[in-house]
Amino acid sequence: MSIQEVSGELIEDFELFEDWADKYEYIISLGKDLQSMNASDKTDENIVKGCQSQVWLTARNEDGIVFFDADSDAIITKGIIALLVKVFNGQSAKDILNNDLTFIDQIGLKEHLSPNRSNGLVAMVQKMKIYALAFSK
Amino acid sequence: MSATKNILDTHKDFPTLKRMINGKPLVYFDNGATAQKPQLVIDRINDYYQNENANIHRGVHTLSQDATSAYEEARRKIQVLINAPLEEEVIFTKGTTDGINLIANGFSRGFLNSGDEVIISEMEHHSNIVPWQMACEYTGATLKVAPMNDEGELIFEAFEALLSAKTKLVAITHVSNTLGTINPAKDIVRVAHAKGIPVLFDGAQSVQHMAIDVQDLDCEFYVFGGHKMFGPTGIGVLYGKKEWLDKLPPYQGGGDMIKTVSFEKTTYNDLPYKFEAGTPNIAGGIGLGAAVDYLNTIDWNEVHTHEQGLLKYATEQILQIEGIKIIGTAKNKAGVLSFVHDKAHHYDIGTILDQLGIAIRTGHHCTEPLMHRCKITGTARASFAFYNTKEEIDVFIAALKRALKMLL
């Protein structure tokens, strides 16, 4: 599935939620289901520092297809990471670079990607793109 | 000062508190970050821009003279509020941080040398750490940190033991923004003065909770911001004893701070203007004056009783929730409730509470060294002002329980 298709499905899923609590409960469950990173990967090198919550990110390149591993100490942040990983994993570096993440806005989570949130997500998305850029060369 | 207002009637004076957030009535427990503004302050700023706007000092026209009078009247109101002996000892700044930087800058130019020491405490806000680190780096002086105990109280004997002939200044917070601890200000001054050491208090977190009397404290410097005492942002106050303010060099050069200027030699203006270069925040100063007018209608004893009641009630309620630990359990504490949960992250708690209309602060509260000391990455912090109510605490506790249920 393309990035467009995966994010389209997510937007449809989120439209089903009647209120904020359902939406957040879903994000929290995604966070809980996302496999935690190995402690050995939670290094200073892989950390994306936000002053509120911390994010760890690694990436690998398999013939131009990118796979991310990510984790956070906060469960809502981790749930949003799970959404991003779902959308970007197994995609080409070029497609990741070209995606503008409007799906986050469309599922009503835009505020979590605002720089003043200090949750590490903005920096994580930047780091994902930097990985994609490096892999696309 | 005649007290006219019942503390329980103050909530309605603050328009922002009437807002709905995410469909719920706002419960504003982020007063440690900034306090809301009473209608009186908002109207005064509006009126200034509508009817009185002019640049102050030296204008011969009526508007300028009116604006100057209003601005200087605000200075006198602050003088009375904090019981400063002289009007010119009240310096307008941008805020607490600006005031500390002004003093740190002044000290680093002639008052600190290699081998000298500045003493701060473990519970300082970054604003009362970094300017001193910069001053020490520039002068070769050393920064000494007075420790606190596990309750978040200054270990007074250890603090006193740090004072020596090398100590050139004690710069310490009056009330901790993260812990709520009220430091024993008068005792700090007493032991410092016994060794001839001047004292600066960071009053950012005290001015909204208590009456400040700088003569009673007898400190050399007291700095605070306007926005945490129900006034506008971008305006603050540095109180300094005249003998010290006369000694210290100007912080910034420019208009208003000079007496005469030539290319060969400039002479500086008298206090307070020596430290007020450039067109100041006129609307801010006048708005802050209005905030003082508002504060003059409430009784600080009532504020104290009410806020202590809120703190006690909130503390009792929150401790009934499993997994909660309060960070900062000093005996003498202002209305600040910082807490962590053993399984839920503070960011998650803050996010869910926001969905329920409750504004608290989460993170390290600009006190990273304190977070390291407590071995945590951050806390969730509810901080109260006199306009908050017991009912709001009930809403907060119910919301916190709901958040934890969702998160765990």
Side-chain angles (χ1 to χ4, degrees), chain A residues 14 17-34 36-37 39 42-44 46-56 70-84 104 107-124, chain B residues 20-24 30 33-34 125-127 129-130 177-178 233 323 338-372 375-381 398-408:
Chain A
F14 272 81
F17 297 131
E18 300 213 332
D19 67 3
W20 70 271
D22 292 345
K23 190 167 85 181
Y24 274 92
E25 269 164 5
Y26 179 63
I27 295 165
I28 291 162
S29 73
L30 286 176
K32 286 177 180 167
D33 292 345
L34 182 71
S36 293
M37 268 170 103
K42 289 185 178 177
T43 58
D44 276 355
N46 294 331
I47 201 167
V48 181
K49 273 195 177 158
C51 78
Q52 300 265 345
S53 55
Q54 308 189 94
V55 170
W56 293 267
D71 205 342
S72 172
D73 55 352
I75 199 71
I76 292 173
T77 306
K78 196 172 171 183
I80 296 167
I81 286 172
L83 288 171
L84 292 164
I104 290 285
I107 60 182
L109 293 170
K110 191 184 163 194
E111 70 271 16
H112 288 280
L113 281 178
S114 107
N116 74 1
R117 203 88 186 182
S118 317
N119 56 9
L121 279 170
V122 175
M124 183 188 94
Chain B
M20 302 291 281
I21 301 290
N22 296 317
K24 318 262 184 333
D30 195 17
T34 197
H125 188 281
H126 294 166
S127 293
I129 302 173
V130 183
N177 69 315
T178 302
T233 53
S338 242
F339 60 95
V340 291
H341 187 273
D342 58 7
K343 293 193 186 76
H345 194 281
H346 48 83
Y347 177 80
D348 296 325
I349 291 173
T351 300
I352 302 291
L353 289 186
D354 174 54
Q355 291 295 322
L356 292 162
I358 297 158
I360 60 161
R361 187 139 296 245
T362 58
H364 56 53
H365 316 295
C366 294
T367 53
E368 280 191 57
L370 174 58
M371 296 293 106
H372 294 315
K375 297 188 177 64
I376 49 179
T377 59
T379 76
R381 181 191 72 183
L400 180 59
K401 285 179 181 164
R402 184 168 175 198
L404 291 171
K405 208 168 153 192
M406 284 177 74
L407 290 166
L408 300 177

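In what follows, chains carry the letters A, B, and so on, assigned in the order in which the sequence lines appear, proteins first and then strands, with residues in each chain numbered from 1.
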Non-hydrogen atoms of [X] and [Y] that approach each other most closely:
X	Y	answer
B:Met406	A:Glu25	CG-OE2, 3.6 Å
A:Ile76	B:Asp348	N-OD1, 2.8 Å
A:Gln54	B:Thr377	NE2-CG2, 4.2 Å
A:Gln52	B:Gly363	OE1-N, 3.8 Å

*Just wondering, are more than 12 heavy atoms of other shown residues or ligands nearer than 6.0 Å to NZ in A:Lys32?*
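Yes, enclosed.
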- Item | Heavy atoms of other groups near A:Asp44 CG, more than 12 under 6.0 Å |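 Result for CG/A:Asp44: open.
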- Query: Are side-chain heavy atoms of B:Asn22 and A:Trp20 found at a separation under 4.5 Å?
  - Reply: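 They are not in contact (no side-chain heavy atoms under 4.5 Å apart), so the answer is no.
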Rounded to the nearest 0.5 Å, how far does NE2 of B:His345 lie from NZ of A:Lys78?
->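 Between atom NZ of A:Lys78 and atom NE2 of B:His345 there are 12.0 Å.
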Worksheet entry | chain B contact via A:Ile28 - side chain, backbone, both or neither, heavy atoms under 4.5 Å |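 For A:Ile28, the side chain is the part near chain B, not the backbone.
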Residues which pass side-chain hydrogen bond (donor to acceptor under 3.5 Å, both in side chains) with A:Ser72, listed by chain and number, not counting sequence neighbours
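Listed in chain order: nothing, the list is empty.
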